[in-house]
Q: 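One structure is given below, represented as structure tokens, and several questions about it will come after.
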Amino acid sequence: MNYKIGDILFTREQISTRVIELSQEIRKDFIEFHTGQELLMVGILKGSAIFIADLVRALGQDIDVRLDFMVISSYGSDTKSSGVVRIIKDLDAYIENKNVIIVEDIIDTGLTMSYLLSILQRRAPSSLKVCSLLNKEERRKVPVFVDYCGFEIPDKFVVGYGLDYSGKWRHLPDICVAEPV
Ligand code: 5GP
């Protein structure tokens, strides 16, 4: 199926406001529970690249924030996750005894995040949380607790602000619905 860029679901202004709010939530929790410790923000590429860049810059300079990235690819079609995840690039950092927040673009069936959580949990981090810009709760096949969620969205395929269709449209500043043509 082919897609075209459809209606805007969230404007760049709405995204910017929500990302700053999320960052402040993370900051508040981190200061409350982990003052003086290190916070490792793990971006899942490529979808979270733009989100994590905005998110971390609002955390504030008094928190010891580190960045790391994983590149994963999901076996499946362009718009459906199979839940089988291949790690193309693993973390550079050891996460044992670290406070880790996984930063993802979207959680759909939950299969990818559930798999990632199981891999990272085995490495014995001190804490492991999930921050996702978008969440399609109604599509869940496996339960995933999202500690920090930007927006709940309906069962629609969306693009922009890092999210792609076949590699395209990640650069769009707004989040748009991709419509079949
Ligand atoms: P899950 O394993 O939760 O079903 O899928 C997660 C991955 O599927 C996301 O990281 C993303 O790559 C892709 N995905 C799921 N829904 C959408 C969507 O609406 N738009 C885009 N661009 N990707 C999606």
Side-chain angles (χ1 to χ4, degrees), residues 1-12 14-16 18-19 22-23 26 40-56 67-91 95 100-122 128-181:
M1 202 185 300
N2 264 327
Y3 285 84
K4 66 173 177 149
I5 302 169
D7 292 340
I8 293 181
L9 194 57
F10 301 108
T11 63
R12 60 201 77 183
Q14 288 172 311
I15 298 168
S16 166
R18 187 67 191 121
V19 170
L22 275 183
S23 197
I26 293 172
L40 182 67
M41 302 289 282
V42 171
I44 309 302
L45 296 177
K46 301 172 185 163
S48 76
I50 294 174
F51 175 40
I52 196 170
D54 286 340
L55 190 69
V56 295
L67 280 187
D68 206 342
F69 295 94
M70 287 178 88
V71 181
I72 60 170
S73 108
S74 173
Y75 292 104
S77 68
D78 281 338
T79 59
K80 285 210 178 71
S81 163
S82 65
V84 182
V85 175
R86 188 161 55 108
I87 296 181
I88 294 169
K89 184 217 166 279
D90 206 335
L91 294 174
I95 61 168
V100 178
I101 299 184
I102 306 175
V103 181
E104 180 61 297
D105 53 355
I106 185 163
I107 302 181
D108 182 19
T109 62
L111 291 165
T112 306
M113 186 52 75
S114 153
Y115 180 83
L116 265 179
L117 281 167
S118 70
I119 294 177
L120 296 184
Q121 200 70 66
R122 272 184 251 138
L128 182 61
K129 289 186 172 179
V130 174
C131 174
S132 182
L133 176 66
L134 304 173
N135 188 30
K136 287 186 195 168
E137 191 66 48
E138 66 181 272
R139 293 253 314 154
R140 272 307 190 284
K141 287 191 181 151
V142 289
V144 170
F145 183 74
V146 185
D147 299 271
Y148 305 100
C149 171
F151 302 99
E152 290 290 341
I153 65 164
D155 182 10
K156 294 195 183 308
F157 194 79
V158 295
V159 294
Y161 196 71
L163 290 111
D164 74 314
Y165 165 65
S166 255
K168 295 188 294 187
W169 303 331
R170 291 192 198 277
H171 66 297
L172 303 178
D174 308 305
I175 295 175
C176 303
V177 176
E179 283 173 8
V181 284

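Quick caveat, the model's predicted, so the values are computed rather than measured. Indexing begins at 1, ligand by ligand and atom by atom, following the structure's order.
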Q: In terms of atom number and element, which parts of ligand 1 are under 4.0 angstrom from non-hydrogen atoms of Thr112?
A: 1 (P), 2 (O), 5 (O), 6 (C)
Q: Are any of the N/O atoms in Val158 less than 3.5 Å from those in ligand 1?
A: yes
Q: Could you tell me if the side chain of Leu117 sits less than 4.5 Å from the side chain of Leu128, heavy atoms only?
A: yes
Q: Can you find a non-hydrogen atom of Tyr165 under 4.0 Å from ligand 1?
A: no
Q: Ignoring hydrogens, what is the shortest heavy-atom contact between Ile88 and Ser73? Give both atom names and the distance.
A: CD1-CB, 3.5 Å
Q: By number and element, which atoms of ligand 1 are closer than 4.0 Å to a non-hydrogen atom of Asp164?
A: 21 (C), 22 (N)
Q: If you measure from each heavy atom of Glu104 to ligand 1, is any distance below 4.0 Å?
A: yes
Q: Taking the non-hydrogen atoms of Lys141, is any one of them nearer than 4.0 angstrom to ligand 1?
A: no
Q: Would you call the rings of Tyr3 and Phe157 parallel, tilted or perpendicular if under 30° counts as parallel and over 60° as perpendicular?
A: tilted
Q: Less than 4.0 Å is my threshold; does some heavy atom of Gly110 fall inside it relative to ligand 1?
A: yes
Q: Out of curiosity, is Arg139 lining ligand 1, as in a heavy atom under 4.0 Å away?
A: no
Q: For Lys156, does the NZ atom have more than 12 heavy-atom neighbours from other residues, nucleotides or ligands under 6.0 Å away?
A: no
